[in-house]
Structure formats: C-alpha cells, structure tokens
Amino acid sequence: MSDRFIPQNLEEIRNQIIETCKKCGRDPEEVSLIAVSKTKPNEDIIEAYSHQQMHFGENRMQELQDKMDAIDLPGIQWHMIGTMQSNKIKYIAHRVDWIHSVSKAKYLNEIEKRAAEYDRTINVLIQVNISDEDQKSGCDVSDLAGILEHAKHLSHIRIRGLMGMARFVDDAEDVRSEFRLLKETLDSHQQYNGGNIELTELSMGMSGDFEVAIEEGATMVRVGSSIFGSRNYA
Ligand SMILES: *Cc1c(COP(=O)(O)O)cnc(C)c1O
C-alpha cells in the first residue's frame, strides 16, 4: 500500500529538511537523509533509489546483509544503525559503508579485524546515550574519550562523528535538550580529531523529531516510517 507514496513522501521530507535549514540558517547540503528501510521489501528500496535516494539504514545485521547482497546499485550507501552483535559484524563488513551504533571498544576491534580482511575502511559513528534511559543503548558521555583513544590505533576505521537516539515523546520539543547534549558532546571532543578521527557528523532525529534535531545541528537524519509507511514491528 505504501509503495505508491514513497516518491511523494521523499519529496515532502526533503522539503521539510530544506525549510527547517532555512529557518535556522543552515545549508541543506549539510544534512543527509538516511532512509530507514528496516522490515520493508527490496522493491521499496529500489523505488526510493530510483527517486535519487542514495542512503539506506537498517537496524538488524542479518537483514542488512540480505539487502546489501540482493540490491547492487551504483552509488548506494548502506548504514547499519541498530544494536551491534560482535559475531555478526563479519556478515556486513564486505559492503557496509557506515556503522552508526558503536558503543564499545570491543565492537571497534571486531570491525577493524573484518574490514581488514576485505581491505576496506568503514565509517563509524559512536553512539552516545543521550536519553538516560537504560533500554536505549550507547556509551556514557564519560566513556567517549576512552573509545576515541582506542580508535586512534585502528587503520580500517574512520571515526566520523556521533549518533544518538532521543526518548519517544509526543512533542519533539521535549527532546531538544537531548539533541543539544549530543552536539555539545561532539564539540567538547574536537581535540581528538586527527589521523582517522574526524568528529563532524551528528546522526540524530527520526520521523517524529528530525526537524528539532536539524535545528540542534544534525547532519544525518534517520527517517523510516514517514517515507516507507508504518511498520508491524521494530
Ligand atoms: C527505526 C529507526 C529509525 C527510524 O524510525 P522512524 O520513526 O520510523 O523514522 C531511526 N533510527 C533507528 C536507530 C531506528 O532503529
């Protein structure tokens, strides 16, 4: 059912991104739209791609592997945005472009090992817990420096920035302070830049709150249901 609407939904989200950027004096070119295609069929991804959508996000490693292997289109960029499992990194390392959800040094070690096997470099964001909710994953702000120090020695990883998930709320204004905390955390760790560390990207904001996230500095917004329609699970 949602299929027919994908191009219109994409158009609408792109316009909202442009409008929000204008309102807060940002360049829309600074904000990438990641289309979160989890649970959706390959045809939906191909349809979005045919309307100039290049970045796709998935939150399960197995599903990401299946889709990456089935859909081989020029320039398409794959983002792993969900909970990491060390033993599954080997299934995505041959193709994934970005991993947003790294919260521990042990995941960095495994990504390094697997990326090296394919002689690739993978872009990584460190996920920081900004919502103070136990069920939301991510490292504590106080752990970030140690993780960045560790990453300095890994040659098949480029650390590009931070990712965060806000609480689910009815009014996105209620999570503005969480987005602001992620931006402040990015700013306060700039001294780690150099070599394979370049803290510039902020992956934050979803269907319900991406406009507030952009106002607070998001450079990547992860939008699923507003593009592909609602999901039955996860
Ligand atoms: C599902 C998901 C999204 C997109 O959620 P929507 O509310 O459908 O836009 C964004 N980020 C992560 C990590 C997700 O798992």
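First listed ligand is number 1; within each ligand, the first listed atom is number 1.
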Arg231, portion touching ligand 1 at heavy-atom distance under 4.0 Å:
side chain

Close-contact set for ligand 1 against Met165 heavy atoms, below 4.0 Å:
13 (C)

Do you see a donor-acceptor pair shorter than 3.5 Å between the side chains of Thr219 and Glu201?
yes

Which residues, ordered by chain and number, are linked to Val36 in its hydrophobic cluster, where ILVMFWY side chains connect at heavy-atom gaps below 4.5 Å, directly or through other members?
Ile81

Return yes or no for this condition: an N or O of Gly224 is under 3.5 Å from an N or O of ligand 1.
yes

Does this structure show an ion pair linking Lys38 with Glu63, if we count only N-O contacts that are shorter than 4.0 Å?
no

Ligand 1 to Ser226 polar contact by distance, N or O atoms, under 3.5 Å:
no

Can you check which of Thr39, Ile81, Val223 brings a heavy atom nearest to atom 13 (C) of ligand 1?
Ile81

Looking only at non-hydrogen atoms, which of Arg222, Met206, Lys38 approaches atom 14 (C) of ligand 1 most closely?
Lys38

Taking the six-membered ring for Trp, are His79 and Trp98 parallel (under 30°), tilted (30 to 60°) or perpendicular (over 60°)?
parallel

Pair up each side-chain donor or acceptor in residues 10-18 with any protein partner under 3.5 Å, not counting sequence neighbours, and list the distances.
from, atom 1, to, atom 2, distance (Å)
Arg14, NH1, His51, O, 3.2
Arg14, NH2, His51, O, 2.8
Asn15, ND2, Glu11, O, 3.4

